[in-house]
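What follows is one structure encoded as structure tokens, with my remarks underneath.
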Amino acid sequence: MLFSLALADDPAGRSLFDEIYSLYGDEVYHTAFRVLGSETEAEDVVHDAFFALLQVLHRFRDARDSRTRAFLLTVARNRAIDLRRRRRLEPLMLEDPDVFPAPEEGGAVRAVQALTPEDRDLLLLRFHTGLTVKEIAHMQNKKPAAVAKAITRAKARLAEKLREEGIDVDR
């Protein structure tokens with residue numbers, strides 16, 4: 001109901017939102033359920049993920065764009081892990097090959113895979129999905145300065161991993 005009210009004056013936005021929900025709603029739910037093991041909490045995470053999408057829906061044009069899926073699954077995974085932490089339990093899984101399938105092996109791929117999930121998520125949201133620092137900060141309930149610093153550190157760690165793979169990043 002809340003989503004319908006928010007998009008009442010925007011038929012194109014509502015259509016896009018509905019298409020995204022029908023494409024990814026189940027996958028977002030299953031991602032959250034695998035982390036939480038609770039149907040009720042997984043449903044809450046789905047709500048949170050789609051509410052976060054609603055906040056930045058203007059940045060998405062195509063429901064089938066891989067960035068749309070990546071955004072939703074990253075939000076769902078992060079929110080689910082946050083919920084588990086609040087319950088003081090260890091996450092059941094931090095990596096899910098269904099969510100982030102391993103691409104072909106190579107130096108750059110190994111460097112990215114060697115990053116922490118948090119660093120990968122930040123870099124994915126900022127540079128692949130194209131979210132601004134402010135949007136990421138809002139999504140993660142952090143200050144923009146903290147997110148900007150975390151992105152800078154993640155980029156530095158990625159550059160180091162790339163150098164270890166023999167890839168020149170100082171051009």
Side-chain angles (χ1 to χ4, degrees), residues 1-87 89-103 112-113 115-144 146-148 150-151 154:
M1 181 68 168
L2 173 69
F3 298 134
S4 296
L5 291 174
L7 294 168
D9 294 332
D10 182 10
R14 183 179 177 132
S15 175
L16 177 62
F17 184 87
D18 289 345
E19 183 180 2
I20 291 169
Y21 187 86
S22 90
L23 284 170
Y24 305 116
D26 288 342
E27 190 172 3
V28 170
Y29 171 83
H30 291 294
T31 297
F33 184 79
R34 280 192 298 266
V35 174
L36 296 164
S38 162
E39 291 179 11
T40 304
E41 288 180 329
E43 290 169 0
D44 288 344
V45 168
V46 170
H47 182 269
D48 289 350
F50 280 94
F51 187 74
L53 173 69
L54 188 62
Q55 304 302 308
V56 295
L57 187 62
H58 65 279
R59 300 196 43 90
F60 297 97
R61 303 267 186 266
D62 180 6
R64 295 185 186 277
D65 187 326
S66 65
R67 291 176 292 186
T68 306
R69 177 179 178 269
F71 172 83
L72 282 169
L73 296 179
T74 299
V75 171
R77 181 176 158 269
N78 287 343
R79 297 278 165 91
I81 289 170
D82 288 346
L83 272 175
R84 282 196 67 83
R85 284 182 184 145
R86 275 189 242 135
R87 287 191 298 176
L89 296 173
E90 292 297 315
L92 294 174
M93 61 91 187
L94 289 175
E95 292 303 312
D96 183 353
D98 294 333
V99 176
F100 298 103
V112 171
Q113 289 174 339
L115 293 172
T116 65
E118 293 80 15
D119 283 351
R120 279 195 306 273
D121 288 349
L122 276 174
L123 296 175
L124 173 76
L125 290 171
R126 179 67 186 100
F127 299 107
H128 181 69
T129 306
L131 295 178
T132 66
V133 169
K134 187 176 178 181
E135 290 167 333
I136 297 168
H138 177 73
M139 202 176 86
Q140 295 184 341
N141 296 319
K142 294 181 180 177
K143 293 183 180 181
V147 170
I151 290 170

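Treat the numbers as computed from the prediction; the structure is a model and nothing was measured.
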Passing option when Thr68 is tested against Leu16, Ile20, Leu57 for side-chain contact (heavy atoms from CB on, under 4.5 Å): Ile20
Set of residues satisfying salt bridge (Lys or Arg N to Asp or Glu O under 4.0 Å) with respect to Asp65, sequence neighbours excluded: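 Asp65: salt bridge (Lys or Arg N to Asp or Glu O under 4.0 Å) contacts with Arg67.
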Distance (rounded to the nearest 0.5 Å) between Leu36 CG and Asp82 CG: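 Rounded to the nearest 0.5 Å, the CG-CG separation comes to 10.0 Å.
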Aromatic plane relationship, Phe60 with Phe71 - under 30° parallel, 30 to 60° tilted, over 60° perpendicular: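 Rings of Phe71 and Phe60: tilted, 30 to 60°.
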Please report the shortest heavy-atom distance between [X] and [Y], naming the atom on each side.
X	Y	value
Ala76	Val45	O-CG1, 3.4 Å
Asp48	Arg79	CB-NH1, 3.4 Å
Pro117	Arg77	CB-NH2, 2.9 Å
Glu27	Leu73	OE2-CD1, 3.5 Å
Leu122	Ala150	CD1-CB, 3.5 Å
Ala49	Leu72	O-CD2, 3.7 Å

Main-chain N/O of Ala70 paired with Tyr24 side-chain donor or acceptor, under 3.5 Å: no
By side-chain hydrogen bond (donor to acceptor under 3.5 Å, both in side chains) - contacts of Asp26 (at least two apart):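 Asp26 satisfies side-chain hydrogen bond (donor to acceptor under 3.5 Å, both in side chains) with no residue once adjacent residues are dropped.
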So, using side chain to side chain contact (heavy atoms under 4.5 Å, CB included) as the criterion, who are the partners of [X] when residues are at least two apart?
X	value
Lys142	Gln140, Val147
Val112	Arg120, Leu158
Arg64	Glu19, Leu23, Asp62
Glu39	Tyr29, Phe33

Minimum side-chain heavy-atom gap Arg34-His30 below 4.5 Å: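 Counting from C-beta outward, Arg34 and His30 do come under 4.5 Å.
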